Every structure is written in C-alpha cells, then in structure tokens.
Asker: 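My questions will all concern the structure given below.
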Amino acid sequence: MPDRPGSNASSARSLALIAIAVAVVVLAFAYTAGWLSPQRLTPAKIVNGLAPPDGPALGFRRNHAKGICFTGTFESNGAAAALSKAAMFAPGSYPVTGRFNLATADPKAADATVRVRGLSLRIVAPDGSEWRSAMIDAPFFPVATPQAFYDLLQASAHKDDPDAMKNFVAAHPEFAAFGAWATSAPWTASYAQDRYNSLNSFIFTNAAGQDQAVRWSFLPAAKPEPVPDDALKQRGPDFLATDITQRVHGGPQRWTMIVIAANPGDQTADPSKAWPDDRRKVEAGTLVVNAIEREPDGPCRDLNFDPTVLPPGIRVSDDPFPAARSAAYSVSFNRRTAEDKYYPHTPAEGAKP
Ligand code: HEM
C-alpha cells in the first residue's frame, strides 16, 4: 500500500532523497577542488606553486607580475586570410591593448635579473571577436607538459635541496635546451628589440574550411643590440619601462607578425620543441604600439590575456598548454581582483594625496 503523504515513512524517504542530493553536490565540489585525488594537478596548485617562499604579491598577476601596458593597432595586410577567416586577418586596422612584461612573480624584481620577457595582446575586430595572445621571447618553452611545468616550480622552490633540480633535469631532458638558451642568448636593453613567440600551436581555419596548424611570432622593427648582462645591471631596476616609454613618445614602435605553418606530420603538442626553420612563413601584418598606458589602474589591469580567447578561424590544437594556462590565468585573475585593496592604485587626477 502506498505511504500516505505526511506519514513517517514518506517524510523519511523525502529526507533521504534530500540528503543524497546534498551529498552528490558536496562530492562534485570536492572532486572539482581536487580533494578526492590529492595527486591531481589543479589550476590552484599550479598558481600556488608560482608564489615565492614569502608568499605572492597580493593584488598582482601571479606570474609576469611586472610589466607595462600599451595601446596601438594591428595593421593587417590580408595575407593571413588565406590561412584563417579570423576577422582581424582581413586587410585593415584593428585596436590593440597589450602589455610588455617580465616572467616573474615579483612586481619589484630588477629588470636585469629576469631572463624571460613577454608580450601580451588583445586584438579586437569590428564584429566583436577577440584574439588574445601572451607570448615570450624564448624560442621554445622549458618543458613539454603542464605537469612538468609544475614539477619545475616545485624543484626550483627547494633551493636548500641540491638534488631537487638535479632530479628534475634528469627526468626532463628537454629542459637542457632551454637552459642553454637562457645562459647564452643575448640580452637587449629594450622591449622594442625583442622577438616574441606563441610557442603553443593553434589551428587556423580559412573560409574554405581548410585547417592548418600554426605558431606565430612578432619580429621587432628595431634592430636588436646585445648588451652584456652586467652592463644591464648598471641601469636602473626599471630601465625597460623607462626605455619603452621614451621610445614610444618619440614615435610608434613596430613588430611584424609572422604566421609559421606546420608541415604535415609536425608535432603540435609540445612547445619545448621548435619546428625546423624552413617552415612556410606568412607575414600577416604589423603591430603598431602608439601609446604607453599606466600599468596601475590602466586598461591592462583588469584584462586576462587568456590564450584560449580566440576568434572564429583560430582554435586550440592538441597542445595541452593553452587549456592549462587558461585555467591558471583565471585563478590568478580571480585572486588578484579579489585582493584589490592591496593593489597600489594611482590617485585620481586632482585628488588630494
Ligand atoms: C602551464 C604553463 C603556464 C602557467 C601555469 C602559466 C601561468 C601564468 C599566470 C598565472 C599568469 C598571470 C595571469 C593573470 O593574472 O592575468 C601568466 C601570465 C603570462 N604568461 Fe603564463 N603560464 C604558463 C605558460 C605560458 C607560456 C607557454 C607562455 C608563452 C608562450 C606564457 C606567457 C605568459 C605571459 C606573456 C603572461 C603575461 C600576461 C599578462 O600580461 O597578463 N605562459 N602565466
């Protein structure tokens, strides 16, 4: 016989159903947070791993914390439209918000102490589509997978254990090439003289629906002038921001964008391996930096240069990095914006100091 509504058996069944529903939700949260699989690599773990021993700089990006914002345009010559139907490859001029930056978690690091420099871009097309890209000047990434990046962070955090880095290098032979680049590549005294590379591989799709695996780079118009690193140390701790501000006041600074097309069979999943130099290159246009913007409270502050924000015509490949980066950048963005009160805001013009 069915239970009467309001009977003890019916109430017990309803309570049991509610308890099961709550347990399922709690388990789903626990799974997402990684509590059920402590060995699983989560975005929060990676971001925690980026923090220096005395903790992160609150309110700042958790990596590439030091930088300077700019605005400009991307002048497309139309040549890349054969490879991608992305709206910003049609001939024309598209607004850019970007950021020169240094690969450090310390916003006060002296410029001469940071080996890797970056360029971040957001290019917006009239149809509202956006292309965000965050590139570095190294020709390849230090490691082959996001897990290996986390392992590198862990190994370098254990400075008191001489075996930690030794074991890491033994387990990740690809790291040797990056080490050789870092110790032998010339330093320049200007963001304007550096080449910046996507390193990650993406898929371009053209109007005919044809796919092409690509990477891209921005090549400086300014001639690179190598400066010995001890000479760089003589310059002030913020010489890069001073230099780029002066240059841009003197006139727009330019980079040529090249798209590098993979040959059939080239691997796309591992950014620690450069493709051979002879791959087809298409000059897509010119990045023109017209104005340096304030870094604190400027237009880059609340921008997340998430490399998976892509227009129709560009999509991620089997390279695992963009998805891992997107998740980590989002954690970093959420933390830094929630820490607003620690960020060194600039007083509004006319406000009392
Ligand atoms: C798993 C690998 C990586 C992790 C976990 C990681 C993590 C991060 C984090 C947390 C930020 C700060 C984001 C924000 O608060 O807005 C950042 C910024 C940045 N990263 Fe990565 N990154 C990774 C790989 C890469 C690669 C492969 C490149 C270049 C090829 C790169 C270039 C940059 C640049 C240029 C920025 C500065 C972006 C900006 O100006 O806001 N990163 N990264």
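Order of appearance sets the numbers: ligands from 1, and atoms from 1 within every ligand. Small disclaimer: the values here were computed from a predicted structure and weren't measured. Only heavy atoms go into these numbers, but all of them, side chains included; no hydrogens, no water, no symmetry mates.
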Asker: Among all protein heavy atoms in this structure, tell me which lies nearest to atom 4 (C) of ligand 1, with the distance rounded to 0.1 Å.
Answerer: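 Scanning the protein heavy atoms, the shortest distance from atom 4 (C) of ligand 1 goes to Phe149 CE2, 3.6 Å.
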Asker: Between Thr188 and Arg117, do the side chains contain a donor N or O and an acceptor N or O under 3.5 Å apart?
Answerer: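 Per modelled atom types, Arg117 and Thr188 side chains form a pair under 3.5 Å.
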Asker: Check for me whether Arg301 meets the cation-pi criterion with Tyr343, that is, NZ or CZ under 6.0 Å from the six-membered ring centre and within 45 degrees of the ring axis.
Answerer: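 Checked: cation-pi criterion met.
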Asker: Check if Pro43 has a non-hydrogen atom at a distance under 4.0 Å from any atom of ligand 1.
Answerer: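 Not so, Pro43 does not reach ligand 1.
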Asker: Would you say the side chain of Tyr94 lies within less than 4.5 Å of the side chain of Pro126, judging by non-hydrogen atoms?
Answerer: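 Counting from C-beta outward, Pro126 and Tyr94 do come under 4.5 Å.
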Asker: Distance under 4.0 Å to a non-hydrogen atom of Phe321: what atoms of ligand 1 satisfy this?
Answerer: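 Matching atoms, with element in brackets: 1 (C), 2 (C).
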Asker: Measure from atom 35 (C) of ligand 1 to every heavy atom in Met135, Arg62, Arg336 and give the option owning the shortest one.
Answerer: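 It is Met135 whose heavy atom sits nearest to atom 35 (C) of ligand 1.
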Asker: Which of these, Asn200, Leu121, Ile46, has its nearest heavy atom closest to atom 5 (C) of ligand 1?
Answerer: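 Going through Asn200, Leu121, Ile46 one by one, Ile46 has the nearest heavy atom to atom 5 (C) of ligand 1.
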Asker: Do Tyr196 and Ser133 have side-chain heavy atoms sitting under 4.5 Å apart?
Answerer: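 SC-SC contact between Tyr196 and Ser133 ruled out.
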Asker: Using the rule ring-ring contact (aromatic ring centres under 6.0 Å, His included), only one of Phe100, Phe74, Phe218 pairs with Trp255; which is it?
Answerer: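 For Trp255, the ring-ring contact (aromatic ring centres under 6.0 Å, His included) check succeeds only for Phe100.
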Asker: Starting from atom 30 (C) of ligand 1, which protein heavy atom do you reach first, and at what distance in Å?
Answerer: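 Checking every protein heavy atom, the shortest distance to atom 30 (C) of ligand 1 gives Ser198 O, 3.3 Å.
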Asker: Which atoms from ligand 1 have a heavy atom of Phe305 less than 4.0 Å away?
Answerer: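 Result: 39 (C), 40 (O), 41 (O).
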Asker: Would you list the protein N, O or S atoms within less than 2.8 Å of atom 21 (Fe) of ligand 1, leaving out water?
Answerer: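 As for protein N, O or S atoms lying under 2.8 Å from atom 21 (Fe) of ligand 1, they are Tyr329 OH.
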Asker: May I ask you to test the Asn290-Thr71 pair for a side-chain heavy-atom distance under 4.5 Å?
Answerer: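 No - every pair of side-chain heavy atoms lies 4.5 Å or more apart.
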Asker: Check each of Ser272, Ser120, Ala105 against atom 39 (C) of ligand 1 and report the one with the nearest heavy atom.
Answerer: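 Nearest option to atom 39 (C) of ligand 1, by heavy atoms: Ser120.
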Asker: Rounded at 0.5 Å granularity, tell me how far NZ in Lys281 sits from CE in Met257.
Answerer: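 Output value for this atom pair is 13.5 Å.
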Asker: What residue and atom, counting heavy atoms only, is the protein's closest point to atom 14 (C) of ligand 1, and at what distance?
Answerer: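 For atom 14 (C) of ligand 1, the nearest protein heavy atom comes out as Ser332 OG, 3.4 Å.
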Asker: Examine the side chains of Gln147 and Asp151 and answer whether a donor and an acceptor come within less than 3.5 Å of each other.
Answerer: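 Yes - a donor-acceptor pair under 3.5 Å links their side chains.
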Asker: Kindly indicate, with the supporting measurements, whether the criterion ring-ring contact (aromatic ring centres under 6.0 Å, His included) is fulfilled by Phe89 and Trp131.
Answerer: CA-CA 11 Å; Phe89 285 143; Trp131 179 13; 5.4 Å; yes
Asker: Where on Tyr150 is there a heavy atom closer than 4.0 Å to ligand 1, on the side chain, on the backbone, on both, or on neither?
Answerer: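 Within the 4.0 Å criterion, Tyr150 makes no contact with ligand 1.
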Asker: Within the 4.5 Å heavy-atom criterion, are Tyr150 and Thr42 side-chain neighbours or not?
Answerer: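 When only atoms from C-beta onward are counted, Thr42 and Tyr150 do not touch, as no gap falls below 4.5 Å.
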Asker: With the side chain counted from C-beta on, respond yes when Phe149 and Arg325 share a heavy-atom pair under 4.5 Å apart, and no when they do not.
Answerer: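 A side-chain contact is absent here, since even the closest heavy-atom pair is not under 4.5 Å.
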Asker: Among all protein non-hydrogen atoms, which one is nearest to atom 41 (O) of ligand 1, and what is the separation to 0.1 Å?
Answerer: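 Of the protein heavy atoms, Arg61 NE, 2.5 Å lies nearest.
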